[in-house]
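Below is one structure, written out as structure tokens; comments come after it.
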Amino acid sequence: MPDGLTLALAAGAEFGRVVQFAFHAPDIEMAAARWAKQMGAGPFFLLEHIALERSVYRGDSMPFDHSSAYGQCGLMMVELIHQHDDAPSAVRDMYVADAEGLHHIAVFVESLDEALDRASSARFDVALDATTQEGVRFVMVDARAKYGAMLEFYERSPMLSKFYDYVKRKSDNWDGRDVLRRL
């Protein structure tokens, strides 16, 4: 399997700008501490039980109870994602509750519809199509056969840009304290 950078470059060339690597984390607090210590990533900003207006897993409407922490590692955002139950989901497609690993590569796309058409042509099934209560739509396609991970697509918006910029700005000159911060 190619390394993460090779995967990101390939996904970016095919769909858009890669902006994040997301890792399944059974314990977000421990994972954030490890990323900070080993990679200098952080600080991480935790959103707990992210509220979704809509969540469709492989064609069926289903709740998706998860939390995520977002931090910066160099030029790339890192997401640590944790699902709170064992319901079928794009997360459980790859990992049981106590397993860790790369889950998805997030890509800003110019047009979500066009990216989904290209993903369908590549035979990548939609694993999750969801919208946050703030109106941000994100779609995970199952690209494991080609990339070893899901791909997450979303269109860049002022709200997303502001959040990405915030996380990056907070990492600049970070002193290593307060690794995990609740939002």
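These numbers were taken from a predicted model, which means no experiment stands behind them.
- Atom CE of M30 has 12 or fewer heavy atoms from other residues, nucleotides or ligands within 6.0 Å.
- Looking at F108 and L160, their side chains come closer than 4.5 Å, going by heavy atoms from C-beta outward.
- With hydrogens and angles disregarded, a donor-acceptor distance shorter than 3.5 Å links the side chain of D175 to the backbone of R177.
- In terms of modelled atom types and a separation under 3.5 Å, the side chain of H103 and the main chain of A90 share a donor-acceptor contact.
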One pair to check against side-chain contact (heavy atoms from CB on, under 4.5 Å): L128 and V56. What are the steps and the verdict? CA-CA 6 Å; L128 174 68; V56 177; 6.0 Å; no
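- Within the 4.5 Å cutoff, no side-chain heavy atoms of L112 are placed close to those of F138.
- For the residue pair S67 / H49, no side-chain donor-acceptor distance below 3.5 Å is found, with atom types taken as modelled.
- Taking the six-membered ring for Trp and thresholds of 30 and 60 degrees, F23 and W35 have ring planes inclined between 30 and 60 degrees apart.
- Side-chain contact between Y154 and T132: absent, with no pair of heavy atoms (C-beta onward) separated by less than 4.5 Å.
- Side-chain contact annotation: E79 with S68, donor-acceptor N/O pair under 3.5 Å present.
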List the steps and the verdict of salt bridge (charged side-chain N to carboxylate O under 4.0 Å, His left out) for E14 and R118. CA-CA 9 Å; E14 190 168 355; R118 285 197 313 276; over 6 Å; no
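- Here the closest non-hydrogen pair linking H24 and A97 is CE1-O, 3.5 Å.
- When the shell of 6.0 Å around CD of E155 is examined, it contains more than 12 heavy atoms from other residues, nucleotides or ligands.
- R169 is linked by a side chain to side chain donor-acceptor pair (under 3.5 Å) to nothing, counting only residues two or more places apart in sequence or in another chain.
- Residues S89 and M62 have side chains not in contact (no heavy-atom distance under 4.5 Å, counting atoms from C-beta outward).
- Surrounding NZ of K37 are at most 12 heavy atoms belonging to other residues, nucleotides or ligands under 6.0 Å away.
- Between the side chains of Y57 and D93, at least one donor N or O sits under 3.5 Å from an acceptor N or O.
- Under the 4.5 Å side-chain heavy-atom criterion for ILVMFWY residues, no single connected hydrophobic cluster contains both M94 and V126.
- Annotation: side chain of V107 is not in contact with side chain of V19 (no heavy-atom distance under 4.5 Å).
- Proximity of a side-chain donor or acceptor of R123 to a complementary backbone N or O of S120 within less than 3.5 Å is not detected.
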CA sep, side-chain torsions, deciding dist, call: V91, I81, side-chain contact (heavy atoms from CB on, under 4.5 Å): CA-CA 9 Å; V91 170; I81 186 171; 4.0 Å; yes
Begin from the C-alpha positions of E152 and H104 and carry the test side-chain hydrogen bond (donor to acceptor under 3.5 Å, both in side chains) through to its verdict. CA-CA 6 Å; E152 179 181 51; H104 65 265; 3.1 Å; yes
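- Contact annotation: the side chain of M77 approaches that of V167 to within less than 4.5 Å [non-hydrogen atoms, C-beta and beyond].
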Yes or no on salt bridge (charged side-chain N to carboxylate O under 4.0 Å, His left out) for R34 and E100, after CA distance, side-chain angles and deciding distance? CA-CA 12 Å; R34 189 171 56 248; E100 295 180 286; 2.3 Å; yes
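- Note on ring orientation: taking the six-membered ring where Trp is involved, the planes of Y70 and F163 are perpendicular (angle over 60°, cut-offs 30° and 60°).
- Counting all heavy atoms, side chain and backbone alike, V179 lies closest to A33 at CG1-N, 4.0 Å.
- Residue H66 holds its NE2 atom at 5.5 Å from CG of L52, rounded to the nearest 0.5 Å.
- For the atom pair C73 SG and Q38 CD, the distance stands at 11.0 Å (nearest 0.5 Å).
- More than 12 heavy atoms of other residues, nucleotides or ligands sit less than 6.0 Å from atom CG of L183.
- No path of Ile, Leu, Val, Met, Phe, Trp and Tyr side chains, each step under 4.5 Å between heavy atoms, connects I105 with M140, placing them in separate hydrophobic clusters.
- Hydrophobic clustering (side-chain heavy atoms under 4.5 Å, transitive across Ile, Leu, Val, Met, Phe, Trp, Tyr) groups V109 together with V139.
- Side-chain contact between D86 and R92 is present, with heavy atoms from C-beta onward closer than 4.5 Å.
- A continuous path of hydrophobic side-chain contacts links M76 to L80 [ILVMFWY only; heavy atoms under 4.5 Å].
- No side-chain donor-acceptor contact under 3.5 Å links Y164 and Q72.
- For the pair T131 (side chain) and E53 (backbone), a donor-acceptor distance under 3.5 Å is absent.
- Y147 and V18 fall within the same hydrophobic cluster, where Ile, Leu, Val, Met, Phe, Trp and Tyr residues are linked whenever their side-chain heavy atoms come under 4.5 Å apart, directly or through other members.
- For M159, the CE atom counts as densely surrounded, since its 6.0 Å shell holds more than 12 non-hydrogen atoms of other residues, nucleotides or ligands.
- For R156, the salt bridge (charged side-chain N to carboxylate O under 4.0 Å, His left out) test picks out no residue, with sequence neighbours left out.
- With hydrogens and angles ignored, the 3.5 Å screen pairs no side-chain donor or acceptor of E110 with any backbone N or O of E114.
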When you look at F15 and F153, which way does the ring pair (Phe, Tyr, Trp, His ring centres under 6.0 Å) test go after all the steps? CA-CA 9 Å; F15 292 102; F153 299 141; 4.9 Å; yes
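- Contact between R181 and D178 at its shortest, heavy atoms only, is NE-O, 2.8 Å.
- The two residues F64 and S55 have their closest heavy-atom pair at CB-OG, 3.5 Å.
- Rounding to the nearest 0.5 angstrom, the gap separating the OG atom in S171 from the OH atom in Y166 is 11.5 Å.
- To the nearest 0.5 Å, atoms CZ (R137) and OG (S157) are separated by 14.0 Å.
- R58 and D142 are joined by a salt bridge, as a carboxylate oxygen and a charged side-chain nitrogen come within less than 4.0 angstrom of each other.
- In this structure a side-chain-to-backbone donor-acceptor pair under 3.5 Å is missing from H82 to I28.
- Contact between G71 and F44 at its shortest, heavy atoms only, is N-CD2, 3.3 Å.
- Atom CZ of R182 sits about 4.5 Å away from atom CD of E48, to the nearest 0.5 Å.
- Taken from CG in D165 to NZ in K170, the straight-line distance is 13.0 Å, to the nearest 0.5 Å.
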